[in-house]
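First comes the structure, then the notes that go with it.
Labels below follow one simple rule: chain letters A, B, ... track the order of the sequence lines, proteins then strands, and each chain is numbered from 1. FYI, side chains are in, hydrogens and waters are out, and symmetry mates aren't considered; it's all heavy atoms of this structure.
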Amino acid sequence: MRWSQTFIPTLREAPADAEVASHIFLLRAGYIRQLSAGIYSYLFLGQRALLKIIAIVREEMDAIGQEFLLPALHPAELWQSSGRWQGMGDNMFRLKDRYQRDFCLGMTHEEVMADIARKELRSYKQLPQIWYQIQNKFRDEPRPKSGLLRVRQFTMKDSYSFDIDEAGLDLSYKKHHAAYCRIFERCGLNYVVVEAHSGAMGGSQSHEFMVQSDAGEDLVAVCRACGYAANLEKASAAVPPASDPEAGQEPALFATPGQRTIAEVTAFTGEDANRLIKSLLYMVDEEGKQVPVLFLLTGTHELNEAKMGAALGGHAARPAQAGEIEKYTGAPAGSVGPVGLSGVRLVADLALRGRRSLIAGANREGHHLRHVTPERDFQTEWADLRTVCDGDLCPQCQAPLKVIKTVEIGHIFKLGRKYTESMQVRVLDANGREIVPIMGSYGIGIERILTALIEQNHDEAGFWMPPVVAPFDVVVTPVNLKDPAIMAVAHDVYATLRRAGKDVLLDDRDERPGVKFKDAELIGIPVRVTVGKKAGEGIVEVVQRSTREVQEVPVAALLDAVALASGAARLQESTR
RNA sequence: CGGGGCGUAGCGCAGCCUGGUAGCGCACCUGCCUUGGGCGCAGGGGGUCGCCGGUUCAAAUCCGGCCGCCCCGACCA
């Protein structure tokens with residue numbers, strides 16, 4: 001392909017809106033343009049890269065499943081039958097047809113797949129099935145951000161498995177796990193697989209595939225010693241032991257006028273936040289009745305709402321309002337504590353177990369208590385409630401955990417029978433009895449692979465990608481169009497590479513060399529062949545973008561040198 | 001939804017406080033020149049100043065309302 005004939009609108013300066021590297025470079029390299037918040041057009045280079053990623057995904061998915069293509073437009077009844085028409089809330093794009101019937105744009109496709117299953121599957125002999133598609137998803141995100149990282153329309157590879165029993169689901173799950181690893185490896189991503197919280201999808205087990213990046217939105221705890229890795233929504237850990245004074249003294253009231261937050265009380269008393277008890281009142285919905293529950297943590301820890309939900313056996317909870325806090329504790333928020341409360345259920349985080357002589361709210365405005373010792377001064381239930389912190393101890397091997405920021409590129413779920421049951425999918429088993437198949441669902445964010453690659457592989461001038469996903473394998477840069485010797489060699493190089501099956505971009509624009517070099521370095525192509533001064537002697541330069549390593553080679557040895565530079569680029573990706 | 005910021009040519013910005021001429025750099029077009037790191041010279045094209053309303057002889061500028069975009073938070077399969 002000749003650069004002069006293509007539309008690659010590179011930008012010298014980044015639009016002021018872009019802050020994260022992948023966003024800046026996708027815009028500057030002419031891969032994408034924004035249409036609206038969280039809605040992007042993919043231009044020539046962007047679409048080319050995405051198609052290459054999709055080709056890899058398709059190849060690996062074809063090895064374990066069958067490709068479908070489902071509608072993006074769904075009737076409301078479908079989602080009502082699974083109960084998610086309400087459940088998805090404002091995140092769902094909704095619209096009406098000309099007869100005022102409700103429709104939505106698909107944000108995921110469990111319902112459509114389950115609908116096909118319930119209409120078509122009759123016998124256990126038809127199972128297992130793995131069905132997948134590569135399709136657009138629509139989600140009205142409250143806050144789209146960071147270029148392609150969090151958007152309202154995106155491409156997802158989503159697949160769904162139907163099995164007779166748990167053992168079958170386990171196998172389908174493992175197949176996906178392995179296929180995902182192959183996909184991300186081939187894309188040259190450095191990723192980790194982490195235990196994940198199943199969230200609104202429901203289900204028993206799930207793993208996320210994560211790429212470390214400061215642009216990411218998910219926090220993940222990883223253990224360098226044993227390999228344990230889990231999303232912070234899910235991670236558990238032991239806390240390094242704290243040193244408390246002896247628990248001799250009785251709780252003692254003291255005035256803390258106007259001191260409400262942990263930070264204020266810490267500053268006021270001179271005690272470490274670790275020696276404070278944080279008390280959070282929630283209202284829990286138990287069979288329609290609102291029941292107050294006080295959650296207790298140390299001042300340094302954050303309540304993890306997913307774990308809180310688990311501690312409550314799945315009952316919905318919300319933070320208590322000011323009036324409710326006064327009603328149940330007799331004090332405003334900021335002076336609430338566990339001692340002497342009645343009619344309120346207490347649940348304390350395990351990190352408070354065995355602690356002594358702490359500071360807690362006194363349930364009296366502007367007052368706290370010193371020398372509060374759990375289980376002596378108040379009785380409580382215990383649960384793992386807190387969000388794991390950097391430095392907490394690995395639950396498997398007790399080594400310190402590291403908390404890192406990541407981008408989620410894939411997620412696999414064991415769904416169980418949530419959808420097959422609510423949507424009444426049934427087949428006959430070998431004994432002629434009706435059984436409800438068990439389901440899994442599995443997703444890969446296609447654009448996020450591209451984004452994560454750029455986050456992982458960029459410098460100040462631009463980015464680079466492995467040849468398998470880069471829009472072109474090689475860019476050929478003749479430094480002077482007016483020099484016949486240079487142009488003859490450039491065309492020769494171009495033809496040679498093409499014959500070898502490479503995707504080649506020939507920069508035949510009548511620009512100065514500096515412009516061409518800058519552009520070549522910007523747009524993500526892993527190898528550049530510069531045709532310049534020594535063209536007359538039949539010598540060109542092969543430049544590896546990731547390292548900027550330059551190698552002078554005779555045209556005769558071109559293919560080996562390019563292969564080496566490409567391969568080296570790939571090697572570098574996978575060993576990081 | 002709460003907090004903050006921004007909206008003037010394709011991109012980056014100035015002008016607004018103190019009302020009257022819409023400007024700079026890059027990009028773009030033409031010609032010349034140059035050709036190993038965003039070259040030089042000359043000439044040129046392009047903007048309903050986000051939208052609506054108000055004040056005023058006069059509004060990019062002052063006032064009111066609305067819309068859009070970005071960031072932080074909340075939220076989030």
What integer number of Å spans the [atom1] atoms of [N] and [M]?
N	M	atom1	value
U55(B)	G64(B)	C1'	11 Å
C24(B)	C49(B)	C1'	16 Å
G68(B)	A27(B)	P	35 Å
G12(B)	G7(B)	C1'	14 Å
C66(B)	G4(B)	P	16 Å
C72(B)	A60(B)	P	35 Å
A58(B)	G19(B)	C1'	8 Å
C6(B)	A14(B)	C1'	15 Å

Please list, pair by pair, any protein nitrogen or oxygen found under 3.5 Å from a nitrogen or oxygen in nucleotides 44-49 of chain B.
none

- Query: What is the distance from CD1 of Ile32(A) to P of C11(B), rounded to the nearest Å?
  - Reply: 14 Å
- Note on the structure: Whole-Å distance, His197(A) NE2 to C75(B) C1', equals 14 Å
- For Phe7(A), answer base if it contacts any base atom (sugar-phosphate contacts may also be present), sugar-phosphate if it contacts only those atoms, and nothing otherwise; contact means non-hydrogen atoms under 4.0 Å. nothing
Please set out all donor-acceptor pairs under 3.5 angstrom arising from side-chain atoms of residues 534-542 of chain A, sequence neighbours excluded.
unit_1: Lys534(A); atom_1: NZ; unit_2: Glu552(A); atom_2: OE1; d: 2.9
unit_1: Lys534(A); atom_1: NZ; unit_2: Glu552(A); atom_2: OE2; d: 3.4

Sort out the partner of [N] for me: Watson-Crick or G-U wobble, both distances under 3.5 Å, none otherwise.
N	value
C6(B)	G68(B)
G73(B)	C1(B)
U35(B)	none

In terms of the angle between their ring planes, are [X] and [Y] parallel, tilted or perpendicular, with boundaries placed at 30° and 60°?
X	Y	answer
Phe25(A)	Phe463(A)	tilted
Tyr173(A)	His207(A)	tilted
His23(A)	Tyr40(A)	perpendicular

- Message: I'd like to know whether the aromatic ring centres of Tyr132(A) and Phe68(A) sit less than 6.0 Å apart in this structure.
- Response: no
- Task: Indicate for each nucleotide in nucleotides 30-39 of chain B, in 5' to 3' sequence, whether protein heavy atoms under 4.0 Å reach the base (B), only the sugar-phosphate (S), or nothing (-).
- Result: ----BBBBBB
- Query: What residues in residues 210-218 of chain A put a non-hydrogen atom under 4.0 Å from any atom of RNA chain B?
  - Reply: none
- Note on the structure: With sequence neighbours left out, the residues meeting side-chain contact (heavy atoms from CB on, under 4.5 Å) with Ala485(A) are Asp483(A)
Give each protein N/O atom lying under 3.5 Å from an N/O atom of nucleotides 70-74 of chain B, with the pair distance.
unit_1: C70(B); atom_1: OP1; unit_2: Gln34(A); atom_2: NE2; d: 3.0
unit_1: C71(B); atom_1: OP1; unit_2: Ser146(A); atom_2: N; d: 3.2
unit_1: C72(B); atom_1: OP2; unit_2: Arg143(A); atom_2: NH1; d: 3.1
unit_1: C72(B); atom_1: OP2; unit_2: Arg143(A); atom_2: NH2; d: 2.8

- Item | N/O donor-acceptor pair, side chain Glu13(A) with base G10(B), under 3.5 angstrom | no
